[in-house]
Number of protein chains: 2
Amino acid sequence: MNRMTRTFTDVGVGIKHVAAAAGVSTATVSRVLSGGSVSPALKERVEAAVRATGYRPNLSARRLRSKHSRTIGLIVSDIRNPFFTALSRSVEDVAFRADMRVILCNTDENPEREAMYLRLMEEERVTGMIIAPTRQTADRIERLSFDFPVVLVDRTGPLGTHDAVVIDNLRATRQLIEHLVDLGHRRIGGIFGNTSSTAVERHEGYAAAMRNAGLTPEARFAAPTIAGAATELAGWLAEPDHPRAFIASNGLLLLGMVKAVRAAGLTIPGDVTLAGFDNELWTELIGSGLSVIEQPIDEIGQSAMSLLFDRLERPDAPPRKMVLSGRLIERDASDPIEAAIPASPP
Amino acid sequence: MNRMTRTFTDVGVGIKHVAAAAGVSTATVSRVLSGGSVSPALKERVEAAVRATGYRPNLSARRLRSKHSRTIGLIVSDIRNPFFTALSRSVEDVAFRADMRVILCNTDENPEREAMYLRLMEEERVTGMIIAPTRQTADRIERLSFDFPVVLVDRTGPLGTHDAVVIDNLRATRQLIEHLVDLGHRRIGGIFGNTSSTAVERHEGYAAAMRNAGLTPEARFAAPTIAGAATELAGWLAEPDHPRAFIASNGLLLLGMVKAVRAAGLTIPGDVTLAGFDNELWTELIGSGLSVIEQPIDEIGQSAMSLLFDRLERPDAPPRKMVLSGRLIERDASDPIEAAIPASPP
DNA sequence: TGTCAAGATGTAATCGTTTTCTTAGCGCCC
DNA sequence: GGGCGCTAAGAAAACGATTACATCTTGACA
């Protein structure tokens, strides 16, 4: 026990040692461990030997032989985005309960990193992969064929080759716009991410809803980060005739917008009303003037895992796209600024 | 290519196919792939064969034979806590650059889950493990010996058997208290988590700093969650003679406290001043009356990985404890309430 | 009582790599 | 020109489990 030199080169006990200790064959040990049929007597002896030797099965060997990795690859584009954090937690939780592990891959919206991680998934022979890809990579993935189920989350490609879980972005954006219109806003700017299909859809929903209401869309695009949105909105607010309401295509952008508003010395909802996606904890703190679409993140993660498991059982079933819906959380500016003012063209 | 039935049972090409395609032995292929010495001619042929066959090395087989898993186990207690999110990102980033993968383990401060994940780390034969354990598990870990380096982050045990990266909690808490005292506060309550060594240290620092200033500590403990702190503080605020300043031992608790204050119809910094740990993005939004200790999270993650790599090279060096320091970010209540009022015993 | 099926156990092949060992070839030096 | 060392390459062992297959025991049933 008190080795004077540690070496970290595993010289641990293997299944052979256990077998020897229990006086049985390795096959029997294996069967005890994986629930094969063995007599109670032997089973007990083996279990005792396992305890006595402190045996830990070597998962690499097990995987190599059994061809089951019991591993889920989770590839997210920005783990600092609370949406993906919550998603990770949800996926990890399901995996844990299914006795599977999760390899965490963070790509920072970088297609090169995505590509490397895709390759890793193949080399790991993962049981399945859950990924929120950039637009670029989504296209690639849809053209590629994998030896394991792939589930796209939050983001999809145009082809729909793989299973997917998304929310109804068009509907959600429409709700958001209608809400702002109800409040009396006529000019509503939008800042959207420039890397994801989700941002694209939300932009489309925004544009459609605006036109539907007889209003003119004013959209700008930014890197999907706090700083990206803050810079973009700061510039916008510096323009003489800027809108008094804005929406953002995700929580990070929304926070960036709040910061920009504050930095410009303006108040919410006094000067500016905001709205956007993700019911992040801090949004509640703003109090009024910041309505959001809450996404059912836990359900997204759980659904993704379900789709994945289903797919393992029916590899040839047609791909399923699961569309969940967001929930509008109204945190109104009680006294909207432009309520009485007629709409003016940009 | 257009298989009519997908099966997900890997029948992929192995190193043998590549070897055959290139007209060489598997040993040569292996050497090409891992940078052994082969003639340029063969090397080229092998690389062509790899490309042509779409060969993906089987990592399980590789690990089994080579005994290097190139895998880091990361065990955090609550991935939804932005501190751990940032830590994960940092660790993942270093791992990625070192061509290693990260297994994500979230324990929800649950010792049973921690135990299962510890076992998993052994079975995975990880290269190393980075863990933020509960107090209970920290004690266990310190008594246990592992076949791989273990680095404790954020939290430690009393024995110091393993490498660790922490911040100077006593100093940080002292800074926090001194700052509040400078602002004129005499009664400062504290809410601390009840699962981590970190919370304990911060409580000790708090108590010491208070006594040092001739003040009476008033500490309470709660589950380290938003709800935990919110409930605790709500009750506290309902008491007739409660403090007007509070500190929290982490960001989650701090947010819970903000919510409780708001829910009680009180204002920050008007009625209550808060302070605590973790410079989370939302804290800035409060503006005034909420000072925080910013932790160098990226550096913590990077240092943990460094300690781990160092340990691999010198297994027998004495354990190192790396103590980083937090930075006080003052967001003052400019006009502290009790400034002119003499201290009153609780 | 003999046959057969079913269940328990052991033997040995196997998974896909890396690595050790061997051999072949080549240049160098005395 | 023979011995020596060095490098490139292949053959085969090894990694540690699972599992196909063979063997043996036992009980049921005709």
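Both backbone and side-chain heavy atoms feed into the values below; hydrogens, waters and symmetry mates do not. The chains referred to below are lettered A, B, ... by the order of the sequence lines, with proteins before strands, and numbering in each begins at 1.
- Between the CD atom of A:Glu124 and the P atom of C:dT17 there is a distance of 13 Å, rounded to whole Å.
- Of the residues in residues 41-57 of chain B, those with a non-hydrogen atom less than 4.0 angstrom from any atom of DNA chain C are B:Tyr55, B:Arg56, B:Pro57.
- Following rounding to the nearest Å, A:Lys16 (NZ) and C:dG10 (P) show an atom-to-atom distance of 16 Å.
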Protein-nucleotides 19-23 of chain C N/O pairs closer than 3.5 Å?
{"residue": "C:dT19", "atom": "O4'", "partner": "B:Arg65", "partner atom": "NH2", "Å": "3.3"}

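- Look at NE2 on A:His17: it is 10 Å from P on D:dA17, rounded to the nearest Å.
- The closest donor-acceptor contact from the side chain of A:Arg320 to the backbone of A:Leu307 lies at 3.5 Å or more, if one exists at all.
- For B:Ser66, the side-chain contact (heavy atoms from CB on, under 4.5 Å) partners are B:His68, not counting sequence neighbours.
- Backbone-only contact: A:Val24 has heavy atoms under 4.0 Å from sugar-phosphate atoms and none from a base.
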Item to complete: Take B:Thr107 and B:Ser77 through the test side-chain hydrogen bond (donor to acceptor under 3.5 Å, both in side chains) and record every step on the way to the result.
Response: CA-CA 5 Å; B:Thr107 66; B:Ser77 44; 5.2 Å; no

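- For the pair A:Ser37 and C:dA8, the criterion of a side-chain N or O lying under 4.0 Å from OP1 or OP2 is met.
- One interatomic measurement links the two molecules: CG of B:Asn58 to P of C:dG16, which rounds to 7 Å at whole-angstrom precision.
- Atom pair B:Leu64:CG and C:dT17:P shows a separation of 12 Å (rounding to whole Å applied).
- Atom CZ of A:Arg89 is separated from atom CG of B:Leu104 by 11.0 Å, given to the nearest 0.5 angstrom.
- Helix bend of the helix from C:dT1-D:dA30 to C:dC30-D:dG1: the angle between its two end axes, each built from five pairs, comes to 50° after rounding to 10°.
- Not counting sequence neighbours, B:Phe83 has no partner by the ring pair (Phe, Tyr, Trp, His ring centres under 6.0 Å) test.
- With sequence neighbours left out, B:Arg143 forms a side-chain hydrogen bond (donor to acceptor under 3.5 Å, both in side chains) with no residue at all.
- Applying the 4.0 Å criterion to OP1 and OP2 of D:dG16, one finds that B:Lys67 has a side-chain N or O inside that range.
- Separating the CD atom of B:Glu123 from the P atom of D:dA17 is a distance of 10 Å, rounded to the nearest angstrom.
- B:Pro315 meets the side-chain contact (heavy atoms from CB on, under 4.5 Å) test with A:Arg6, A:Phe8; sequence neighbours excluded.
- With sequence neighbours excluded, the residues forming a side-chain contact (heavy atoms from CB on, under 4.5 Å) with B:Ala22 are B:Val24, B:Val46, B:Ala49, listed by chain and number.
- A salt bridge (Lys or Arg N to Asp or Glu O under 4.0 Å) check over residues 40-62 of chain B, counting only residues at least two apart or in different chains, returns the pairs A:Glu122-B:Arg56.
- Evaluation of the ring pair (Phe, Tyr, Trp, His ring centres under 6.0 Å) rule for B:Tyr117 yields A:Phe96 as partners, not counting sequence neighbours.
- Counting only heavy atoms from C-beta on, A:Ala61 has its side chain closest to D:dA17 among D:dA9, C:dC15, D:dA17.
- In this structure, CZ of B:Arg62 is placed 18 Å from C1' of D:dG16, rounded to the nearest angstrom.
- Among pairs with a residue in residues 27-38 of chain B, those fulfilling side chain to side chain donor-acceptor pair (under 3.5 Å) read B:Ser25-B:Thr28, at least two apart in sequence or across chains.
- Applying the salt bridge (Lys or Arg N to Asp or Glu O under 4.0 Å) rule to pairs touching residues 153-165 of chain A yields A:Glu109-A:Arg155, A:Asp163-A:Arg311, sequence neighbours excluded.
- Note: CZ (B:Arg125) to C1' (D:dG16) measures 9 Å, nearest angstrom.
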